[in-house]
Enquirer: 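Take a look at the following structure, please.
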Amino acid sequence: MLRSVFVHSGAAVARRCAPRAVTFASSTTPAEESQRAARPAGEPIASAMELIARVPVTKVKGRNVHCDGGGGALGHPRVFICLEKPGPHSCEYCGLRFEQEHHH
């Protein structure tokens, strides 16, 4: 008896969870349209690494800098980055790059 109830309720759940072509709210945009509007047609999807590489390196005067993602509560834990070695240094959480400005 328990088995027949399980099979019956499973079929009922499957029927209720089947995808529907109905839009539930007038403000809802179908997924195909919303994804198409996110970027121009024909433009390839950029990876996160490509997007962060487009952000210019931040030049700082000190030997140490901290990064917290810049998003307040939506950022990441504050990390301190030592800039004594030459070249840009990346934040281990978000990938932002920092470089020490040398005064000659």
Enquirer: For the side chain of Arg97 and the backbone of Val55, is there at least one donor-acceptor N/O pair under 3.5 Å apart?
Expert: yes
Enquirer: Atom OG of Ser90 and atom CD of Glu99: how far apart are they, to the nearest 0.5 Å?
Expert: 11.0 Å
Enquirer: With sequence neighbours left out, what residues match Glu84 under side chain to side chain donor-acceptor pair (under 3.5 Å)?
Expert: Arg63
Enquirer: If you compare all heavy atoms of His89 against all heavy atoms of Leu83, which two are closest, and at what distance to 0.1 Å?
Expert: CD2-CD2, 3.5 Å
Enquirer: Using every non-hydrogen atom in the two residues, find where Asn64 and Cys82 come nearest and quote the distance to one decimal.
Expert: OD1-CA, 3.4 Å
Enquirer: Under a 4.0 Å threshold between the charged nitrogen and the carboxylate oxygen, would Glu101 count as salt-bridged to Lys59?
Expert: no
Enquirer: Would you please name every residue forming a side chain to side chain donor-acceptor pair (under 3.5 Å) with Arg54, sequence neighbours left out?
Expert: none
Enquirer: Under 4.5 Å between side-chain heavy atoms, counting indirect links through other Ile/Leu/Val/Met/Phe/Trp/Tyr residues: same cluster for Val57 and Val60 or not?
Expert: no
Enquirer: Which label fits Tyr93 and His76: parallel for a plane angle under 30°, tilted from 30 to 60°, or perpendicular past 60°?
Expert: parallel
Enquirer: To the nearest 0.5 Å, what is the distance between CG (Leu96) and SG (Cys91)?
Expert: 6.5 Å
Enquirer: Compare every heavy atom of Phe98 with every heavy atom of Ile81, then report the nearest pair and how far apart it is.
Expert: CD1-CD1, 3.9 Å
Enquirer: So Glu92 and Val79, do their side chains get closer than 4.5 Å, heavy atoms only?
Expert: yes
Enquirer: Checking the side chain of Arg78 only, and the main-chain atoms of Gly69 only, is there a donor and an acceptor separated by less than 3.5 Å?
Expert: no
